Protein chains: 2
Amino acid sequence: MTVNLDDVDWAIIAQLQQEARISLSELGRRVSLSPSATTERVRQLEALGVITGYHAMVDLTKVGYPVLAIVRLKYPGNHHQPLRRLLAERREILECLRTTGDDCYTLKVAAASMGHLETLMDELAGFGSTTTSVVYSQPLPYRGPDRP
Amino acid sequence: MTVNLDDVDWAIIAQLQQEARISLSELGRRVSLSPSATTERVRQLEALGVITGYHAMVDLTKVGYPVLAIVRLKYPGNHHQPLRRLLAERREILECLRTTGDDCYTLKVAAASMGHLETLMDELAGFGSTTTSVVYSQPLPYRGPDRP
DNA sequence: ACTGAAACGAAAGATGC
DNA sequence: GCATCTTTCGTTTCAGT
């Protein structure tokens, strides 16, 4: 499943992980490649599924979601469909990871207030027992993986 | 701290959260605005800190990190500097949230193998007691917040 | 706060190395 | 797999509303 990536591929990935909206010409300048060669490399990385997308990041507080929480969910049964439906519907759930261990799901949830978070927790509590931690701060700026 | 956003702002945010590399002209077409008006709106959203950046997302398995784990860290002391240093150095740590509750930090860690994860855990264990959950799957495609 | 026009720079595609 | 060239399209700036 691993793709072989050379120095230039990693340089491209590093640049686009930090600044996804730079032009292909600018990207080419930064990695010392012509615009067309850069375009071809980026196309390949996308086609191979190495780069899966480009996303704007938003300040949750500024858009009205000042409360961020991590919810761990202990989900006993095997009937995952209802939970999948909730994940799709409730846009306050920003991320969901299924994990080993006692808590099968770990969710990241954005809420407009503690009252709103309470409502969301009530919905999730229908699926199993939950453990909620409210996030104080995010001590790490965004970054993706680096070359090994 | 909240910024007032109208329908057009939210439409712009929604588009850029899904596809950050579309041209400003294309974005303008999608939200029914001229290129120059679109440019000005995006510039404002960036200047206000509503949009904090644009990032390429990468398939961790394809770039050589097939093991993803969530690590909860119970950090007793108040000396956070050494941990901050580790966060900055160890690029395998992709995310770090400081939270309420018994486990003060929740980290997302990418590893090349279980052996590599073991090494990383040993480093983290120096700071406090850890609970590690390996991620099976990510049942939710990436998405940011939606309009309330 | 948005439109429209004009100059500049970038993207896309074809060709040759 | 990469560079160069040309056409087409996007970006930027500014006048005007």
Side-chain angles (χ1 to χ4, degrees), chain A residues 1-64 142 144-148, chain B residues 1-64 142 144-148:
Chain A
M1 201 58 193
T2 304
V3 173
N4 259 15
L5 301 171
D6 65 14
D7 292 355
V8 178
D9 291 321
W10 272 107
I12 288 172
I13 289 168
Q15 288 299 321
L16 291 178
Q17 282 189 137
Q18 309 190 117
E19 269 192 277
R21 274 184 67 80
I22 55 172
S23 73
L24 292 169
S25 312
E26 174 59 22
L27 179 58
R29 262 172 243 131
R30 296 190 191 180
V31 304
S32 310
L33 229 57
S34 74
S36 60
T38 309
T39 307
E40 190 49 29
R41 292 271 194 155
V42 172
R43 268 181 155 15
Q44 273 299 314
L45 290 170
E46 291 168 355
L48 292 169
V50 172
I51 294 175
T52 59
Y54 306 95
H55 306 285
M57 293 298 161
V58 153
D59 184 311
L60 290 172
T61 299
K62 291 195 173 145
V63 300
Y142 177 84
D146 194 10
R147 105 167 292 168
Chain B
M1 202 58 193
T2 304
V3 173
N4 259 13
L5 301 171
D6 65 14
D7 292 356
V8 177
D9 291 320
W10 271 107
I12 288 172
I13 290 167
Q15 289 299 323
L16 292 178
Q17 283 189 135
Q18 322 188 86
E19 271 190 273
R21 274 185 66 82
I22 56 172
S23 72
L24 292 168
S25 310
E26 175 58 23
L27 179 59
R29 266 172 240 131
R30 295 190 191 180
V31 305
S32 309
L33 229 58
S34 71
S36 52
T38 309
T39 307
E40 188 50 26
R41 290 268 194 158
V42 172
R43 222 191 50 71
Q44 274 299 316
L45 290 170
E46 290 167 355
L48 291 169
V50 172
I51 294 175
T52 58
Y54 306 95
H55 305 285
M57 293 296 160
V58 154
D59 184 312
L60 290 171
T61 299
K62 291 195 174 145
V63 299
Y142 177 85
D146 195 10
R147 105 169 290 167

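What's counted below: heavy atoms across the whole structure, side chains too, no hydrogens, waters or symmetry copies. All values reported here derive from a predicted model rather than from experimental measurement.
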Under the ring pair (Phe, Tyr, Trp, His ring centres under 6.0 Å) definition, can you give me all pairs with a residue in [range], not counting sequence neighbours?
{"range": "residues 17-50 of chain B", "value": "none"}
{"range": "residues 14-63 of chain B", "value": "A/Y142-B/H55"}
{"range": "residues 15-40 of chain B", "value": "none"}

Partner set under salt bridge (charged side-chain N to carboxylate O under 4.0 Å, His left out) for B/R30, not counting sequence neighbours |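 B/R30 satisfies salt bridge (charged side-chain N to carboxylate O under 4.0 Å, His left out) with B/E19, B/E26 only.
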Can you list the residues that meet the salt bridge (charged side-chain N to carboxylate O under 4.0 Å, His left out) rule with B/R21, with sequence neighbours excluded?
->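 Scan of B/R21 (salt bridge (charged side-chain N to carboxylate O under 4.0 Å, His left out), adjacent residues dropped) gives none.
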Set out, line by line, the N/O atom pairs under 3.5 Å between protein and nucleotides 14-17 of chain D.
none

Qualifying residues under side chain to side chain contact (heavy atoms under 4.5 Å, CB included), relative to A/T61, sequence neighbours excluded | A/D59, A/P66, B/M1
Of all residues at least two apart in sequence or in a different chain, which pass the side chain to side chain contact (heavy atoms under 4.5 Å, CB included) check with B/D9?
->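 B/D9 satisfies side chain to side chain contact (heavy atoms under 4.5 Å, CB included) with B/L5, B/D6, B/R41, B/L45 once adjacent residues are dropped.
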What bend angle does the helix from C/dA1-D/dT17 to C/dC17-D/dG1 show across its length, from five-pair end axes and to the nearest 10 degrees?
-> 30°
Which pairs, protein N/O on one side and nucleotides 7-10 of chain C N/O on the other, fall under 3.5 Å?
from	atom 1	to	atom 2	distance (Å)
C/dA10	OP1	A/R29	NH2	3.2

Sorted by number, the residues of residues 1-14 of chain B with heavy-atom contact under 4.0 Å to DNA chain D | none
Can you tell me the distance, in whole Å, between the CG atom of B/L27 and the C1' atom of D/dT11?
->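 The answer, rounded to whole Å, is 13 Å.
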Got A/E40 and A/S36 here, is their nearest side-chain heavy-atom distance under 4.5 Å?
->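 Answer no - side chains too far apart.
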Residue set satisfying side-chain hydrogen bond (donor to acceptor under 3.5 Å, both in side chains) with A/D7, at least two apart, ordered chain then number -> A/R147
